[in-house]
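Only one structure is covered here, and it is reproduced in the block below.
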Amino acid sequence: MWLLFLLLAWAVAVVSCVRVCRTALAAGLALHRGADATADADARADDTGADAGLTLYETAYLAGGPHRLADVVLVLMAQQRRLHLAHTGWATVVDPVGQDPVERAALSAIGPEGQRRIPAVRRALTSAEAVRGLADRLVHAGLAAPAAVRTGIGTAVRHVQFAALLVLLAAGATYWAAPSGEVDWLVLAWFAFPLVLTLGTWAVARAEAHPYTAWATEAGSALLRHEHPGGPSRRPGPPPAEPTGPAEPTGLAEPTGLAGLTGLTRLALFGPTALADPGLRAALHSSGA
């Protein structure tokens with residue numbers, strides 16, 4: 001009986017670890033191809049004199065994914081008095097006219113009743129066609145990680161965790177199945193090898209998986225750092241005082257440099273904690289942002 005448990009532990013451990021390695025290799029190749037595509041695009045942009053700068057929406061997606069993009073468009077419309085974001089976590093439409101596809105997707109996510117909880121709006125907006133199209137463009141440009149890369153690594157790591165637990169259960173079953181006083185400790189020692197294999201792979205995956213689970217590729221992160229020095233790689237300082245003048249109109253041409261970042265750019269790079277308006281921070285955080 002113990003041999004069956006041992007073979008099961010070894011099989012699960014080896015298969016799960018091989019899957020992590022294969023997924024990481026595929027992810028690395030995908031990100032490498034993305035970097036090559038970005039280099040080719042930069043060369044073409046230099047030849048034509050085109051501006052390859054990131055828009056506010058693209059910056060938000062690369063820094064925090066579709067949820068960050070959803071927060072940015074909601075705050076942008078709130079600052080322009082076209083949405084009201086209550087500190088209780090509700091979004092209410094004031095002006096039902098969107099100025100771009102992402103804003104129109106946000107209004108559609110809120111629904112015909114004109115009011116909806118921010119978490120539901122965020123979930124609906126992240127799966128909207130406009131957001132998926134923006135993500136596809138960034139992936140095609142080599143700036144964003146493909147969805148298969150992000151989900152594949154996470155799934156493979158979870159399988160390694162399950163394999164480690166199964167090895168422990170198999171060892172425990174072997175111990176309890178042995179007759180009283182006849183436990184063969186040498187047999188139990190053989191279970192240590194698949195356990196070390198799975199736990200070691202898990203530890204390495206946790207330490208090395210960030211490039212494959214981040215929203216931006218290395219090329220996308222480099223572009224973010226180039227356009228916003230000291231941006232996503234650093235924690236934001238205290239948010240600037242809330243402006244008393246009119247709200248920002250578009251946010252598509254934001255100043256660079258950490259000291260000169262406007263509220264929308266700080267939100268795109270660092271998330272809701274960087275907002276100066278406590279009401280907006282409460283509205284986003286109350287819904288689990």
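- A continuous path of Ile, Leu, Val, Met, Phe, Trp and Tyr side chains, each step under 4.5 Å between heavy atoms, connects Val18 with Phe193, placing both in one hydrophobic cluster.
- Shown here are the side chain to side chain donor-acceptor pair (under 3.5 Å) partners of Glu129, two or more places apart in sequence or in another chain: Arg132.
- Listed by first and then second residue, the ring-ring contact (aromatic ring centres under 6.0 Å, His included) pairs involving residues 61-115 are Tyr61-Trp215 (not counting sequence neighbours).
- When all heavy atoms of Ala9 and Pro194 are compared, the closest pair comes out as O-CB, 4.0 Å.
- In this structure, the side chains of Thr155 and His159 come closer than 4.5 Å at one or more pairs of heavy atoms.
- Rounded to the nearest 0.5 angstrom, Leu224 CG and Leu269 CG are separated by 6.5 Å.
- For Val15, the side-chain contact (heavy atoms from CB on, under 4.5 Å) criterion is met by no residue, not counting sequence neighbours.
- In terms of the side-chain contact (heavy atoms from CB on, under 4.5 Å) criterion, residue partners of Thr174 (sequence neighbours excluded) are, by chain and number, Trp2, Phe5, Val187, Leu188, Phe191.
- For the residue pair Leu54 and Glu227, the shortest heavy atom distance occurs at N-OE2, 3.0 Å.
- Distance CG/Leu56 to CG/Leu69: 8.5 Å, rounded to 0.5 Å.
- Hydrophobic clustering, defined by side-chain heavy atoms of Ile, Leu, Val, Met, Phe, Trp and Tyr closer than 4.5 Å, leaves Val196 isolated from every other such residue.
- Annotation: side chain of Ser221 is not in contact with side chain of Leu62 (no heavy-atom distance under 4.5 Å).
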Test log, rule side chain to side chain contact (heavy atoms under 4.5 Å, CB included), inputs Leu83 and Ile110: CA-CA 10 Å; Leu83 277 184; Ile110 294 175; 3.5 Å; yes
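- Cluster partners of Val12 are Leu8, Phe162, Leu166, counting Ile, Leu, Val, Met, Phe, Trp and Tyr whose side-chain heavy atoms approach within less than 4.5 Å, directly or via other members.
- Taking the side chain as every heavy atom from C-beta outward, His285 and Thr273 approach each other to under 4.5 Å.
- Through direct or indirect side-chain contacts shorter than 4.5 Å among Ile, Leu, Val, Met, Phe, Trp and Tyr, Val94 is connected to no other residue.
- The nearest pair of heavy atoms linking Arg68 to Leu267 is CD-O, 3.1 Å.
- Contact record, Ile118 with Ala283: CD1-O, 3.5 Å, taken as the closest heavy-atom pair.
- Here the closest heavy-atom approach between residue Ala268 and residue Ala63 is recorded as O-CB, 3.2 Å.
- Legend: residues meeting side chain to side chain donor-acceptor pair (under 3.5 Å) with Ser108, ordered by chain and number and at least two apart, are absent.
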Run Asp277 and Arg281 through side chain to side chain contact (heavy atoms under 4.5 Å, CB included) and show every step you take. CA-CA 6 Å; Asp277 187 338; Arg281 288 201 306 271; over 6 Å; no
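- Heavy atoms from other residues, nucleotides or ligands lying under 6.0 Å from CH2 of Trp10 number more than 12.
- Here the side chains of Leu284 and Arg122 are in contact, with some heavy-atom distance below 4.5 Å.
- Side-chain contact between Gln79 and Leu264 is present, with at least one heavy-atom pair separated by less than 4.5 Å.
- Every residue meeting the side chain to side chain donor-acceptor pair (under 3.5 Å) condition with Thr92, not counting sequence neighbours, appears here in chain and number order: Gln115.
- From Phe270, atom CZ reaches atom OG1 of Thr265 across 10.0 Å, with rounding to the nearest 0.5 Å.
- Listed by chain and residue number, Arg116, Arg123 satisfy the side-chain contact (heavy atoms from CB on, under 4.5 Å) test with Ala120 (two or more places apart in sequence, or in another chain).
- Residue pairs meeting the salt bridge (Lys or Arg N to Asp or Glu O under 4.0 Å) criterion with at least one member in residues 87-108, sequence neighbours excluded, are Arg82-Glu103.
- For the pair Leu125 and Ala109, the tightest heavy-atom approach, listed with the atom from each and the gap, is N-CB, 4.1 Å.
- With hydrogens and angles left out, the side-chain atoms of Ser16 and Arg19 include no donor and acceptor closer than 3.5 Å.
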Residue pair Thr198, Cys17: steps toward the side chain to side chain contact (heavy atoms under 4.5 Å, CB included) verdict: CA-CA 7 Å; Thr198 52; Cys17 293; 4.2 Å; yes
Run the side chain to side chain contact (heavy atoms under 4.5 Å, CB included) check on Val167 and Leu199 step by step: do they pass? CA-CA 10 Å; Val167 170; Leu199 293 180; over 6 Å; no
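- When the side chains of ILVMFWY residues are joined at heavy-atom separations under 4.5 Å, either directly or via intervening members, Val14 and Leu3 end up in a single hydrophobic cluster.
- The side-chain contact (heavy atoms from CB on, under 4.5 Å) test applied to Ala130 returns Pro101, Val102, Ala105, not counting sequence neighbours.
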